[in-house]
Amino acid sequence: MESPPLEPGDEALARRAADGDESAFEALVARFQGRVYRLACRLTGSEGEAEDVLQETFLQAYRGLPTFRSEARFATWLYRIATNAALMQNRRRDRRPTEPLEEYAPRFDADGRHALQEAELALAARADEIIDRQRLAEQARAGIERLPEIYRTAFVLRDLEEMPTAEVAAVLGIDAAAVRQRVHRARMMLRGFLSHLVGVEP
Amino acid sequence: MTTLTCRDGAALLMDYLEGVLPADTRTAIDAHLSICPRCVEFVRAYRATPRILRESTAFEIPAGLEESLRRFLAGRRGPRS
């Protein structure tokens with residue numbers, strides 16, 4: 001049996017594309033367009049705007065390829081362009097002011113114990129069983145939208161796109177401890193938000 | 001080290017789950033979890049939160065996306081900076 005031909009790596013394709021090989025660039029587009037589109041959807045919360053971000057990302061990537069340094073991962077470099085394009089898109093949009101999620105942080109008593117009982121704390125983990133699928137989909141988008149931007153961006157990359165913390169750090173140009181701190185804040189708020197959705201005020 | 005409260009443990013959860021805490025802090029959290037059912041449930045919900053939000057915000061890739069991106073890029077590639 002013949003083994004399948006080995007696919008060239010992302011960085012090898014990027015070097016060829018930087019040298020003017022159009023088919024190498026097209027291969028990179030084919031490989032990454034779905035992931036970039038999904039990331040853009042999650043960062044902007046809108047399919048229509050995600051398409052603009054997708055186009056802008058690959059246009060910038062095409063023009064910037066000669067500056068791509070092959071010691072970096074191509075994916076990380078591309079996600080950085082996509083993330084910045086999505087954030088620019090969000091700033092251009094006439095965003096309605098949203099209520100921040102700070103109110104959903106967990107509450108503790110004077111001794112530092114959880115203010116809620118065990119059974120109440122347990123419910124948020126079952127939000128997807130308790131809440132109607134359609135309503136949860138709408139509320140989840142709305143909840144993520146309400147996160148302050150620096151927490152939302154880190155949370156989308158780390159927890160929704162499931163990138164390793166070190167890669168999120170490279171994409172955002174911050175250290176891993178800062179990524180963990182931002183993702184933690186987002187998870188704390190969103191856990192409380194899920195608790196609120198299942199009828200337990202966090 | 002002094003006894004850890006629920007509040008202390010909650011503040012360290014991300015670092016705990018990513019395995020970047022010093023051994024003594026990790027041991028203190030494990031000890032607290034072994035006697036605190038509220039924290040056990042809190043950790044369960046904290047860990048479930050990313051999965052629930054990920055699964056409920058799945059986006060479909062529209063059928064014409066590849067073609068419209070190709071047309072967009074074909075018209076604009078031009079000279080590089």
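Letters A, B, ... are given to chains in the order of the sequence lines, protein chains preceding strands, and every chain is numbered from 1. The figures that follow rest on heavy atoms only: side chains count, while hydrogens, waters and symmetry mates do not.
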Please flag which part of B:Y46 lies under 4.5 Å from any non-hydrogen atom of chain A: side chain, backbone, both or neither. both

For A:A40 and A:V53, work out which heavy atoms get closest and say how close. CB-CG1, 3.6 Å

Apply side chain to side chain donor-acceptor pair (under 3.5 Å) to A:E167 and list each qualifying residue two or more places apart in sequence or on a separate chain. A:R73, A:T76

Residue part contacting chain B, namely of A:R158, when any heavy atom lies under 4.5 Å: side chain

A:A176 and A:T165: which non-hydrogen atoms are nearest, and at how many Å? O-CG2, 3.9 Å

Go through A:Y104 and A:R146 one step at a time and tell me if the side-chain contact (heavy atoms from CB on, under 4.5 Å) criterion holds. CA-CA 11 Å; A:Y104 297 122; A:R146 282 172 63 185; 3.7 Å; yes

How many angstroms lie between CZ in A:R187 and OG1 in B:T49, if you round to the nearest 0.5 Å? 8.5 Å

Which bit of A:L59 is near chain B, if near means a heavy-atom gap under 4.5 Å: side chain, backbone, both or neither? both

Specify which of A:F108, A:F58, A:F155 makes the most heavy-atom pairs with chain B at under 4.5 Å. A:F108

Checked A:E118, A:R133, A:R141, A:H114 vs chain B; the most non-hydrogen pairs under 4.5 Å come from A:H114

Is the ring pair A:F25/A:Y62 parallel, tilted or perpendicular, if the boundaries are 30 and 60 degrees? perpendicular

If you measure only the distance, is there a donor-acceptor pair under 3.5 Å linking the side chains of A:H184 and A:Y151? no

Between A:N90 and A:L43, is there a donor-acceptor pair closer than 3.5 Å when you use the side chain of the first and the backbone of the second? yes

Aromatic B:Y16 / basic B:R26 pairing, under 6.0 angstrom, 45° off normal: yes

Assess, by modelled atom type and distance only, whether the side chains of A:R92 and A:Q89 contain a donor and an acceptor separated by less than 3.5 Å. yes

Heavy atoms under 4.5 Å from chain B: which residues of residues 195-202 of chain A carry them? none

Which of residues 51-64 of chain B get closer than 4.5 angstrom to chain A, counting heavy atoms alone? B:R51, B:I52, B:L53, B:R54, B:E55, B:S56, B:T57, B:A58, B:F59, B:E60, B:I61, B:P62

A:D19 side chain to A:R16 main-chain N or O, any donor-acceptor pair under 3.5 Å? no

Chain B contacts, top residue of A:E51, A:E138, A:E26, A:R42 (heavy-atom pairs, under 4.5 Å): A:R42

Best-contacting candidate, A:E47, A:R180, A:R38, against chain B by heavy atom pairs under 4.5 angstrom: A:R180

At a heavy-atom separation under 4.5 Å, does B:V40 approach chain A through its side chain, its backbone, both, or neither? neither

Is A:F193 close to chain B through its backbone or its side chain, or both, or neither, when contacts mean heavy atoms under 4.5 Å? neither

Relative to chain B, which of A:P106, A:A125, A:A30, A:A186 shows the most heavy atom pairs under 4.5 Å? A:A125

salt_bridge(B:E67, B:R70) N-O dist < 4.0 Å: yes

Where does B:E18 contact chain A at under 4.5 Å (heavy atoms): side chain, backbone, both or neither? side chain

Go through the atoms of A:Y37 and report whether side chain, backbone, both or neither lie under 4.5 Å from a heavy atom of chain B. side chain

Interchain contact, B:A48 with chain A, by part (heavy-atom threshold 4.5 Å): side chain

Ranked by heavy-atom pairs below 4.5 Å to chain A, first place among B:G9, B:C39, B:P37 goes to B:P37

Need one label for A:E162: side chain, backbone, both or neither, based on atoms under 4.5 Å from any heavy atom in chain B. side chain

Could you have a look at A:L116, A:D111, A:D109, A:T67 and say which one has the most heavy-atom pairs with chain B under 4.5 angstrom? A:L116

Return the set of residues passing side chain to side chain contact (heavy atoms under 4.5 Å, CB included) with A:A154 (not counting sequence neighbours), or none when no residue passes. A:L172, A:R182, A:V183

Distance only, no hydrogens: is a donor on one side chain within 3.5 Å (strictly under) of an acceptor on the other, for B:D30 and B:T27? no

Is a donor on one side and an acceptor on the other found under 3.5 Å between the side chain of B:S68 and the backbone of B:L65? yes

Above 12 or not: heavy atoms from other molecules or residues under 6.0 Å from CZ of A:R35? yes

